[in-house]
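Since the structure comes first, as structure tokens, the remarks are kept for the end.
Computed from a predicted model, the values in this text were never measured in an experiment. Every heavy atom of this structure was used, including side-chain atoms; hydrogens, water molecules and symmetry mates were not. Below, read A as the first sequence line, B as the second, and so on, with proteins coming before strands; counting in each chain starts at 1.
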Amino acid sequence: MSRFNRFTLTGLVMLALLIIAPVVIAQTDWSGGLPLLTRIVIYALAVVSLDLIIGYGALVSFGHAMFFSLGGYVVAVLLHHTNMGDTIFGWEGTNSALLLWPLALLACALLGLVVGYLALKTRGVQFIMITLAFAQMVYFVLVSLQYYGGDDGLMMDMRNTMPSIQLDDPWAFYYLALTLLVVWVLFCRLIVNSRFGLVFQALRQSERRAVNLGVNPLPFRLTAFVISAVGTGLAGILWANYAEFVTPDMATWAKSGEFLAIVTLGGLGTLLGPIAGAAVFIGLEQILTIWTEHWMIVMGPMLVLIALFGQQGMLGRYLKGGRHD
Amino acid sequence: MELKGKAMRVGLLATALGTTMVAHAAAEALRIGFITTLSTPAGYIGEDIRDAFTLAIGEDGRLGNTPVVLEVEDDGLKPANAKQSADRLVQSGVKLFTGVNFSNVLAAVQPTVMKSGGFYVSVNPGPSVFAGAKCNPNYFVASYQNDAFHEAAGLAANKLGYEKVVILAPNYQAGRDALNGFKRTYEGEVVEEIYTKLNQTDFSVELARIRSAAPDAIYQFHPGGAGINFAKQYDNAGLKESVPMLVPAFSLDAQMVKATGDAAEGVYASALWTTEFDNDASRDFVKRFEEAYGRTPTMYAEQAYDTANLIAAALDAVDGDIEDADAFRAELAKADFKPIRDPFTFGPNQHPIQNYYLTRFEKNADGEIVQTVVERIAENHQDAYAKDCKMD
Amino acid sequence: MILFIEQLLNGLQYGAFLFLLASGLTLVFGIMGVINLTHGTFYMIGAYCGALTVALTGSFFMGLLAAMAGAGLYGLLVESAVVRWLYNRDHLYQVLATLGLILFTNEAVTLIVGRAPIFMNIPDFLSGSVTLFPGLAYPLMRLALIVVGLAVALFLWLLVNHTRFGMLVRAGADDRQMVDALGVNMRWLYMSVFGLGAVLCGLAGVMAAPLLAVEIAMGERILITTFVVIVIGGVGSIRGALVGAMLVGMVDSLGRAYVPQILTALLPYSVADTLAAGLVSASIYVLMAFVLLVRPYGLFPARS
Amino acid sequence: MTEAGVSAADVSVLSLDQLHKAFGALKVTDDVTLEVRSGEIHALIGPNGAGKSTLIAQICGEMRSDAGRVSFKGRDVTDLSAFKRARLGLGRSFQTTQLCFEFSVLEHVILSLDCMEGGSFNLVANPRNDAALREEAMHWIGKVGLTGRESRQVANLAHGERRQLELAVSLARKPHVLVLDEPMAGMGAEESARMVDLLGELKGEYPMLLVEHDMDAVFTLADRISVLVYGRVIFTGTVDEVRRNPEVRSAYLGDEAC
């Protein structure tokens, strides 16, 4: 029971901090606070999704940036056509988030399905590399999309619209992103503890045992992979709306690596740890860049130290400890 | 010497404390948002831009007569970071921005600044998106429109009498723009159009294709390290002697020439300005820059210095008050100052109408490779997008 | 025809270069189970040490020695300070730590040498071209790369198949516990393999430096390609690294040489142009995905 | 040992027909024919390297056979993958324990019960809160003598307890045959004795193929014994027949026998 309590307690503390932080920062004259928090929340959404398959399924994807970029590109491209007055296969387009976002998520799910199906034929290092390969392919496709700006990326003239929520208002946008994060974490938590989740985790701990209990590994891993792709895609959608432009940058291996680093930093298989990881990683990057342009000379060794001594990331020990006995 | 010491000190301060540089911060100092790329291998360009701008500000912390504070932010060549910085600076009340070094970063920063009603004056990139239908009254480009060097190179190729050429660029937007710009003005035959991979390091395959096509010359655009690699390998393959190479200025800037060595000798480039410009303002600038920072200024440094002086002239005309945006805009648009390169005027899209030169990398008396001016190839050249720009 | 042979040579040359990088990486990977992202950094260190030494002494051989020594020493430092403690940890921690080392090294080199790329000349005895047969002159520097690549392949083959060290390396790739059980000093074995890998990177760096811009982050550009090579070849196998390197070198080079022409002949220009550029860029990743789908553990996996 | 009574119960549950497996030139299993009848414990013995582990992998579907057939409950399963064979009721234990170490004992047995049909894609329901599942899981935990240990994490169990849990995990699925790969391996005398008692209790309920080195255990438990040497079954018979057979004695039992 204590594990449940620790998760709930940590989750509530984080939520309280994320709710209050912008209000507190607004009292100071630091204008970068809200955008920084928004970035943290969006990244958190992506890395929580990644943690779902790495932490609970040992599926180390080095290509999750492809879903991040796809989510963003789908909304940006559709918005672009709508604003240009083009029709898309006879459809005049829309700017409504309620329509565009599910569409983008569907695209991510389909890509996840295809990539997952092929990649899950391999394991371990080969899985890491084949996901990377697919992400690189997506990256090169995006770079070669001349019509959508190619390497320079595509501007969005406005954010999507949503009934009764002003996405253009930074406060409303932040709290919307935060709400989505909360919902997503709760959903992931539900999955982890579900009948599906039990099997999925069993596959990580002992595939042979699970198979001899009659489990066919592929559908379970594929389902989790697709769910993870959708979550990362949602983060991409939010990112596109936050930044109001998308670039192939979103699909580089460095971005995928960043996601991996954040998950590890926060603590694998904890769902909440990666959120703390995102806050620390992005916060640190922000603080260090303000301090010196040679910030990497500090950031680098910090990552090394975390890998060497933070055996389970920042929150791994705490959130995983105290279970059974 | 006095100046050198001060400038060094200011430069060092900027390096050590990063980013917010306070030069004699008076209470009323005008804050200028200066977002540029300092980290990453391309950071040397950002350093040149920042340092030249700082040099223009001088030891008294004034741009013209107006006390200013440069709010320098490193974007790390990530548009998202730059956008973040722009948001932050806009919210803290900054109204005037400059410094961005790359088109994709500018694409992230410019709209944010425009939305806030602030001004942006570009020190380097002039992407076509903002030069045509999406031009903006508060957006000025004090350098060049992105296609200009390529168009000038096309004219140069005509003048040099090349009848068939092979053209190469990396397969991304700027690369495609480059080759299209060249083809717009070039009158001969393009026998082969080769797109290389982004971040490609080895060009042996492309060199073999060039050799077999046996053109009169090649035109190639590869920025940064790729440009150096290309020039070195081109020389090593023995092609430089038989097939002349023409490049836009930023494919071989002063720093890149050092890393390219003798392989750069004999290469032609289209340019706005070089260190060998024959006028006092230019010589003085090169001397001061070298004294202050111990290195040769690149074309980017010159552009930043001119941008600073353009802003200085406009500020002086409005007594440092940019709250009256209309007045400040009108003064900027006059371009009423003496640049180091040839004087220019602004077209309707507020991009420069200016002269371009054909230059050649040659050894000087000291055996150093310098960029000598061959001849003027374009007079009062205007970009192709100006006609699409309709200011209100 | 002559052009085709020249392009084959280019593919061979690129393959030889990739092999210098991939052989060390695959051993480290196979024997120690470590994903070492700093491998590209050793290559950069080699290029810098070589270029700076040549600038100082004017001797290419001094540069060669300095590059191999510099990269090797840095490799040993990285092994003993960081990587050694990560042998039995999950791959993720190795990725995190070595990513941190990349960031650190790049910035440290920036602070010491500066951001602007530095220059290294082609040594006189390797400048110019030789005529292989009428109509085909090939640059000596590139021929030298091919020769060095093949020599290293031969050296590694002898080392792995005909020495006690090689026996341990092979055993280690097959079964780590077994080597442990033999009572071999594993620390010594790991350090030498890691150091050897770094030295070969340094060699690749100094051999490439005359043809390339020596600059920060040059290692990361080549790192991912190197990983592609060893995954295609099969992790832990020298033979796999050689075959993978040649395959990647050929596919990349011949793709760049002929795919645009072939597609332009078959398809309307506007389609062919974009398609060719995309295909050429992604060719090695397509190759890797294809190989892994058919043979999930690569062509010559060390561990079956 | 008495001769097993010849009755309707004597039908074969699991039968191997001329199974072959070679790695290169090395024939690891060579023409193995063998059957496990309902209600019996059929022991498989043989020296190290005889091919026992490979044979089990072939039976359970982890390794494809080069030739031959595996039939289970009268159905040809040679081409079925491991998880499909498991779903048909082929239960097993592993030579080195294969368990999910992060689960609690209770969770693990619940997992086993919940996978009867190959696992569920229900993303919402928490099986731990299913009273019926818990109750049934507790029954099997009790059956193998782990009552009181149900909330302990598998990683914290003693070696013998893990073996008991493996049995519970298999039994919970009500298997039609149990393939046990050295269930006593690594156990102390006391633990072994408890395991022998436990298997003895289960005898008759579940047909078993028992691979074991502990000859005392084999002679106590088995109805029939097959001897595997260099991939071939050199003899099959009752315990007494095996004891008496000179070929077996020389090839394998030798001094170890008594």
Legend entry - Residue among A:Val192, A:Val211, A:Asn216, A:Leu203 with most heavy-atom pairs under 4.5 Å to chain D: A:Asn216
Legend entry - Within the 6.0 Å centroid threshold, strictly below: A:Phe259 and A:Phe68: yes
Counting only heavy atoms closer than 4.5 Å, note whether [X] contacts chain A via side chain, backbone, both or neither.
X	result
D:Arg92	both
D:Glu117	neither
D:Val154	neither

Heavy atoms only, distances under 4.5 angstrom: which of [options] has the most pairs with chain A? Name it, please.
options	answer
D:Asp130, D:Leu88, D:Asn126	D:Asn126
D:Ala82, D:Ala86, D:Ala125	D:Ala125
D:Ser120, D:Gly118, D:Gly119, D:Cys115	D:Ser120

Do [X] and [Y] make a side-chain contact, defined as non-hydrogen atoms from C-beta onward lying under 4.5 Å apart?
X	Y	result
A:Ser194	A:Leu190	no
A:Met129	A:Thr122	no
A:Ile227	A:Phe187	yes
A:Phe134	A:Leu111	no

Legend entry - Under 4.5 Å from a heavy atom of chain D, the part of A:Phe200 involved: neither
Inset, instruction - Could you tell me whether the side chain of D:His42 and the main chain of D:Arg37 form a donor-acceptor pair under 3.5 Å? - result: no
